[in-house]
Amino acid sequence: MVTVKDAPQAPGHARNERPDSVTDTEHPPEWGQVQVEMTSRCNLRCATCLYPAYEDRWRPEDLTSGVFGKLLKIAHRCDSVHLQGWGETLLRADTAQRIADLSRVGTRPTLGSNGSTMTPGAARELIDSGLASMTFSLAGPDQASHDALRGRGTFAATVAAIQTFVAQRGKDRKPPVLINYLLTPYSFPRLPQALALASRMGVDTLVATHLVHVCTPAQKKLIAYEAGRRLGWVLFRSRLAVLWRHTTLVLPGIQGRPLPVCSKNPLQNLFVAADGSVSPCVYLCPPLQGPYTQLVEGAEEARRRLVFGHLEEDDLDAIWDRPAYVRFRRAFQRRQDLYQELLPPARTDFEGLDRLEKATRIIRTRFASPDYQPPEPCRGCPHLLGY
């Protein structure tokens with residue numbers, strides 16, 4: 001099975017926005033996925049991350065029990081809680097217990113790891129805790145490509161971690177195991193090899209992803225957005241390979257097109273950092289002290305963490321309803337409303353395709369106008385540009 005990630009559907013009004021009252025307890029907001037950074041400590045220094053470039057400003061912290069307790073109180077109103085941030089979650093000894101806590105209150109706890117460590121006992125503990133899905137990350141299909149970006153020996157460690165975890169699952173193959181596979185100029189043409197590797201290891205889904213947070217010239221060289229336009233044969237081979245593999249393939253946008261809301265969908269989802277900060281997206285809230293440089297469409301821009309509140313000081317409902325956070329989301333809601341208004345019903349005939357092309361041109365023009373610009377921190381994000 002091959003799927004292509006696309007813009008999320010417009011959220012329901014009662015689910016996300018309550019403009020009439022910020023004290024409406026009858027219809028409290030519900031969230032899709034709350035991503036939680038249990039720790040900003042990491043044992044790797046990946047070339048694709050901010051850490052090696054800003055190590056002197058990095059703030060290694062663990063989420064406190066007080067903040068986690070506040071999250072537990074609202075977790076039943078979330079579709080899922082994903083434990084992953086800028087650090088390595090499995091560096092915390094209490095990860096399995098925290099997953100069990102989340103599962104007990106009625107949400108789907110999911111986990112992401114760099115795969116640097118895993119034992120049969122740890123895998124068994126995670127599975128028994130009620131984990132809904134497990135994701136590992138790969139930066140290439142072989143030792144040379146992966147280790148060049150993640151560090152010597154990391155490919156072997158990650159493969160061993162995946163195999164260890166898969167071996168602990170029962171015949172029902174639960175929880176599902178996913179791989180986030182980074183597309184670079186080297187790894188993109190080798191997507192079929194990565195799919196074969198994932199299938200041999202018993203992985204359920206391979207999710208191909210682009211590098212989003214680009215901050216250094218070296219990282220800029222790893223961008224593979226444009227490669228998809230000339231690598232149609234790779235995508236064709238990959239789609240064929242899925243027919244005899246037992247692994248689902250999820251592809252990102254290849255051509256690029258205007259999207260009203262990115263796949264992180266801040267209209268429904270949010271990120272909680274290890275220090276308790278609440279932000280719309282993990283990419284907008286790295287654990288850094290002071291400004292940092294980000295390359296946006298090739299140009300250097302000074303950035304700071306985007307934070308709308310702290311769970312050490314307030315609860316999530318109050319932070320969600322703060323005027324600045326509401327304004328941030330409304331910029332995306334305007335884009336979503338316009339997108340749904342202008343996009344014609346799906347048709348596969350020539351007239352339908354012509355209408356779609358015309359609507360896409362109009363949407364692209366309107367999205368570039370001041371009234372429909374995304375919030376400033378999100379401008380130039382590859383996810384929002386359809387990659």
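The basis for the numbers below is simple: all heavy atoms, side chains too, and nothing from hydrogens, waters or symmetry mates.
- Counting heavy atoms from C-beta outward, F165 and L131 have side chains that approach closer than 4.5 Å.
- Side-chain contact of Q97 with D94: a donor-acceptor pair under 3.5 Å is absent, judged by distance alone.
- Looking at Q35, its side chain does come within 3.5 Å of a backbone N or O of Q84 through a donor-acceptor pair.
- A salt bridge links R45 to E55: at least one charged side-chain nitrogen sits closer than 4.0 Å to a carboxylate oxygen.
- Counted by atom type alone, S116 and E88 present zero donor-acceptor pairs between their side chains at under 3.5 Å.
- Both tests do not hold together for R57 against Y292: distance to the six-membered ring centre under 6.0 Å, angle to the ring axis within 45°.
- H82 approaches L111 most closely through the heavy-atom pair CE1-C, 3.6 Å.
- Counting only distance, with no hydrogens or angles, the side chain of T247 and the backbone of V203 share a donor-acceptor pair below 3.5 Å.
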Which is it for T39 and E61 under the side chain to side chain donor-acceptor pair (under 3.5 Å) test, yes or no, and what are the steps along the way? CA-CA 6 Å; T39 181; E61 299 185 65; over 6 Å; no
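- Residue-environment remark: CD (E300) stays at or below the threshold of 12 foreign heavy atoms within 6.0 Å.
- One N or O on the side chain of R92 and one on the backbone of L63 form a donor-acceptor pair closer than 3.5 Å.
- V81 is not listed as a side-chain neighbour of P109, based on a closest heavy-atom distance of 4.5 Å or more.
- Counting heavy atoms from C-beta on, the side chains of C78 and E30 never come closer than 4.5 Å.
- For the residue pair T209 / N180, no side-chain donor-acceptor distance below 3.5 Å is found, with atom types taken as modelled.
- By the 4.5 Å heavy-atom criterion applied to side chains, E376 and E301 are counted as neighbours.
- Scanning all heavy atoms of the two residues, the minimum distance from H76 to V105 falls at CB-O, 3.3 Å.
- No donor-acceptor distance shorter than 3.5 angstrom exists from the side chain of R59 to the backbone of P287, with no hydrogens or angles considered.
- The aromatic rings of W86 and Y283 sit perpendicular, their planes meeting at an angle over 60°, well past the 30° parallel limit.
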Go through it in stages, so that I can follow the logic: the residues are D337 and R330, the test is salt bridge (charged side-chain N to carboxylate O under 4.0 Å, His left out), and I'd like the CA-CA distance, side-chain angles, deciding distance and then a yes or no. CA-CA 10 Å; D337 292 344; R330 281 179 178 166; over 6 Å; no
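- Under the side chain to side chain donor-acceptor pair (under 3.5 Å) criterion, R104 pairs with D101, sequence neighbours left out.
- The shortest side-chain heavy-atom distance between S137 and R150 falls under the 4.5 Å cut-off.
- Side-chain contact check for L270 versus L316: some heavy-atom pair is nearer than 4.5 Å.
- The two residues L197 and P141 come nearest to each other via the heavy atoms CD2-O, 4.0 Å.
- Of the possible polar contacts, one joining the S113 side chain to the G115 backbone as a donor-acceptor pair under 3.5 Å is found.
- Using a cut-off of 4.0 Å between Lys/Arg side-chain N and Asp/Glu carboxylate O, R108 and D79 are scored as not salt-bridged.
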Applying salt bridge (charged side-chain N to carboxylate O under 4.0 Å, His left out), run through D314 and K70 and close with a yes or a no. CA-CA 9 Å; D314 218 335; K70 286 189 174 182; over 6 Å; no
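- Q143 CD: 12 or fewer foreign heavy atoms inside a 6.0 Å radius.
- Side chains of L267 and Q333 form a contact here, defined as non-hydrogen atoms less than 4.5 Å apart.
- Ion pair R169/D204 flagged as a salt bridge, since at least one NZ, NE, NH1 or NH2 atom sits closer than 4.0 Å to an Asp/Glu carboxylate oxygen.
- Put simply, the side chain of F136 reaches to within 4.5 Å of the side chain of V177, judged on heavy atoms.
- In summary, R366 and D371 do not engage in a salt bridge, as defined by a charged side-chain N under 4.0 Å from a carboxylate O.
- Side-chain atoms of S199 do not come within 3.5 Å of backbone N or O of A196 as any donor-acceptor pair.
- In this structure a side-chain-to-backbone donor-acceptor pair under 3.5 Å is missing from E37 to G85.
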Check step by step if salt bridge (charged side-chain N to carboxylate O under 4.0 Å, His left out) holds for D172 and K174. CA-CA 5 Å; D172 59 359; K174 291 181 179 179; 5.3 Å; no
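- Looking only at distances, no side-chain donor or acceptor of Q336 sits under 3.5 Å from a matching main-chain atom of F332.
- Panel note: side chain T158, backbone N114; a donor-acceptor pair is recorded below 3.5 Å.
- No continuous path of hydrophobic side-chain contacts links V214 to L50 [ILVMFWY only; heavy atoms under 4.5 Å].
- A salt bridge does not link E357 with R355: none of the charged nitrogens is closer than 4.0 Å to a carboxylate oxygen.
- The closest donor-acceptor contact from the side chain of R335 to the backbone of A331 lies at 3.5 Å or more, if one exists at all.
- What you find for P217 and L295 is that their closest heavy atoms are N-CD1, 4.2 Å.
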